[in-house]
Amino acid sequence: MKKLYLNYLGTFKGLSTEVWWLSLITLINRAGTMVIPFLSLYLTKSLNFTLKDVGWIMTCFGLGSVLGSWLGGKLTDKIGYYKVMKTSLFLTGVLFIALQFVTTFTGFCIGIFLVMLVADTFRPAMFVALSAYSKPENKTRSVTLIRLAINLGFSAGPAVGGIIITSLGYNGLFWVDGVTCIIATFLLINVLNPKKAKTLDEVKTENPVSVFSDKAFWVFFVAMFIFGFVFLQYFSTMPLYYKDAHHLSELEIGLIMGMNGFIIFLLEMPLIKWLEESKYSKERLMFVGLLLTGISFLVLNLTGWVGVLIVGMLFMTIGEMIAFPFSNAFVMERAKRGNQGEYMAYYSIAFSAAHIFGHNSGMQMVDALGFDNTWWIITAMSMVGLFFLLMLIRVVKKEKVKA
C-alpha cells in the first residue's frame, strides 16, 4: 500500500507551482458549475418547459460557447491569457447570479447564451496559460492535473448540488455558481499576476501557420466534435433517462454523476503516466477513449437492470480519462507551429459546436424515438467518430514520413 501511495504521489512530481494554482482556480470555478448537470431538470421541473424548449435552450448554450471560445482565442493572442481569464471569471459569476431571475423561454435562451459567451472565453486562455506554465515533457500530465481539478469539482458539484436543491431549491445553485466564480477571480489576481507567475515554455512563432491549412487538425476536429456530441449526452439526456426510465431521485443522480469525477480524481493521473510510458501514439489512445465511450451507451440497451447505469458510467469514465488529456496534448503540440490562442480556440469550438447540436438533437430524439432508439443512434455516431480517428492516424503517419 505504501509503494502504491508513493507511486501515486510520484505521478504529480515536476509540475510547476503555477500549474497547481491554475488547477485550484479551475477546481473552485468548476465546483460552482453544479447548475449544468441539473439544468435540464431545472428547466422541465421548475420552469415547466417542454423537452423541445430545453433542446433549443441547450442550442443557445452551445452557440454562446462557440462564440465565446472563438472570441477567447482571438483575445488571448491579442491581449494575453491573464486578462482574458480574469475578466471572464468575474463576469461569469455576475451573470450566473442574474440568470436565476429569468423565467421566460426567450429570456432564458438569451441569458444562457450570454453566460456561455463570457464563460467560454476562459477556456482557450486557460489552455495557453497551461502550456506556458508547463515544461514540454510535462504538458500531458499538466492537462491531466487540470482535468483532475475539473472532475473533482464536478464530483463534488452534483453531489452538493443535489443537497442544495433538496434544502434550498434550484435558486441556491445559481448563487453558489456565481459566488464561486467571483472567489476564483480574486485568487487568480493574487497568485497568477504576470509580475509573480513564471512562464516555462513561452512559444513565439515568427511566421505562424494558419490552423486552416492544417489538414490533420481538421480531421481531428471532426472526430472531437463527434466525441463531444456523444459525451455530452451524459449532461442533458442521461439525467432525464435516470429520472424517467429508472426513477432515480436528484440526489441519486448527483451521486452517480459524482462517481464519475471521483474515479477520475483517483485514477486518471496514474493511468495517463502509464499510457505515456507505453509509447502508444496520442491518436491511437484517442481511438480507445471514443470506443469505450460508445460502448457506455450500447450496454444501456442490453438490460433493464438498474446496475447497468453504473456499468455505463464506468465505461464512459475510462473513455474520457483517455480521450481528453491526449486530445488536448495533441493540439498543444500542433499549436506551436501557429497562433496558440487560435488552435486552442478551435479545439474548444469542436466541443462548443457539440453543445449546439448534441443537447438539442438528444432531446428531440428522446422525445420522438424514446431512450432505447436514441442510445442505438449515439452508438452508431461513435462508430463514425472512430472512422475519422483512423483517418487521423493515417494522415499523421504520412506527415512523419514526409518529415
Side-chain angles (χ1 to χ4, degrees), residues 12 14-36 65 68-69 71-73 75-76 79-99 115-135 138-139 141-161 164 172-202 258 261-262 264-265 268-269 328 341 344 348:
F12 293 89
L15 302 179
S16 70
T17 309
E18 286 76 13
V19 167
W20 283 98
W21 279 122
L22 194 57
S23 300
L24 180 60
I25 289 160
T26 307
L27 169 63
I28 296 167
N29 181 30
R30 288 299 163 182
T33 56
M34 59 186 74
V35 166
I36 305 304
S65 184
S69 298
L71 189 62
L75 289 171
T76 299
I79 63 172
Y81 49 80
Y82 173 73
K83 287 178 184 172
V84 175
M85 289 193 295
K86 180 178 70 172
T87 309
S88 170
L89 278 176
F90 183 76
L91 291 179
T92 302
V94 173
L95 288 169
F96 256 128
I97 291 168
L99 191 61
V115 168
M116 294 314 297
L117 171 69
V118 173
D120 274 8
T121 56
F122 181 83
R123 283 161 68 192
M126 185 268 288
F127 286 136
V128 173
L130 184 65
S131 185
Y133 295 142
S134 309
K135 289 179 182 172
N138 289 339
K139 290 200 191 295
R141 284 194 301 129
S142 294
V143 170
T144 306
L145 184 64
I146 287 284
R147 273 185 42 75
L148 286 188
I150 290 169
N151 282 290
L152 185 58
F154 267 132
S155 69
V160 175
I164 289 172
L173 290 182
F174 291 95
W175 280 106
V176 173
D177 258 16
V179 170
T180 49
C181 283
I182 292 165
I183 289 169
T185 310
F186 289 110
L187 181 61
L188 179 98
I189 290 165
N190 279 307
V191 298
L192 290 182
N193 190 306
K195 290 174 186 172
K196 295 180 184 178
K198 186 172 140 197
T199 54
L200 300 174
D201 186 27
E202 196 163 15
F262 184 67
I264 289 170
F265 175 70
E268 184 166 16
M269 190 64 95
N328 210 309
M344 292 306 167
S348 296

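Nothing fancy with the numbering, it's 1 onward along the sequence.
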Specify the closest pair of heavy atoms between [X] and [Y], including all atoms of both residues, with the distance to one decimal.
X: Val118; Y: Leu95; result: CG2-CD1, 3.7 Å
X: Ser23; Y: Ile146; result: OG-CD1, 3.7 Å
X: Thr185; Y: Lys86; result: CG2-O, 3.6 Å
X: Leu22; Y: Ala129; result: CD2-CB, 4.2 Å

At what distance, to the nearest 0.5 angstrom, does [atom1] of [X] lie from [atom2] of [Y]?
X: Leu15; Y: Met269; atom1: CG; atom2: CE; answer: 5.5 Å
X: Leu130; Y: Thr26; atom1: CG; atom2: OG1; answer: 8.5 Å
X: Leu89; Y: Ile183; atom1: CG; atom2: CD1; answer: 11.5 Å
X: Glu18; Y: Ser142; atom1: CD; atom2: OG; answer: 11.0 Å

| message | Does Val176 form a side chain to side chain contact (heavy atoms under 4.5 Å, CB included) with Phe96? I'd like the steps, not just the answer. | response | CA-CA 9 Å; Val176 173; Phe96 256 128; over 6 Å; no
Does some side-chain heavy atom of [Y] sit less than 4.5 Å from a side-chain heavy atom of [X]?
X: Phe174; Y: Ile97; answer: no
X: Val191; Y: Ile25; answer: yes
X: Thr76; Y: Phe122; answer: no
X: Arg123; Y: Ser65; answer: yes
X: Val128; Y: Pro124; answer: no

| query | Around Tyr82, counting heavy atoms of other residues, nucleotides and ligands shown, do more than 12 lie under 6.0 Å from its OH? | reply |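 Yes, OH of Tyr82 has more than 12 neighbouring heavy atoms, counting only those of other groups under 6.0 Å.
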| query | Would you call the rings of Tyr133 and Tyr81 parallel, tilted or perpendicular if under 30° counts as parallel and over 60° as perpendicular? | reply |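 Perpendicular: the ring planes of Tyr133 and Tyr81 meet at over 60°.
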| Backbone of Met85 reached by a side-chain donor or acceptor of Ser88 within 3.5 Å |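 Flag not set: sc Ser88 to bb Met85 has no pair under 3.5 Å.
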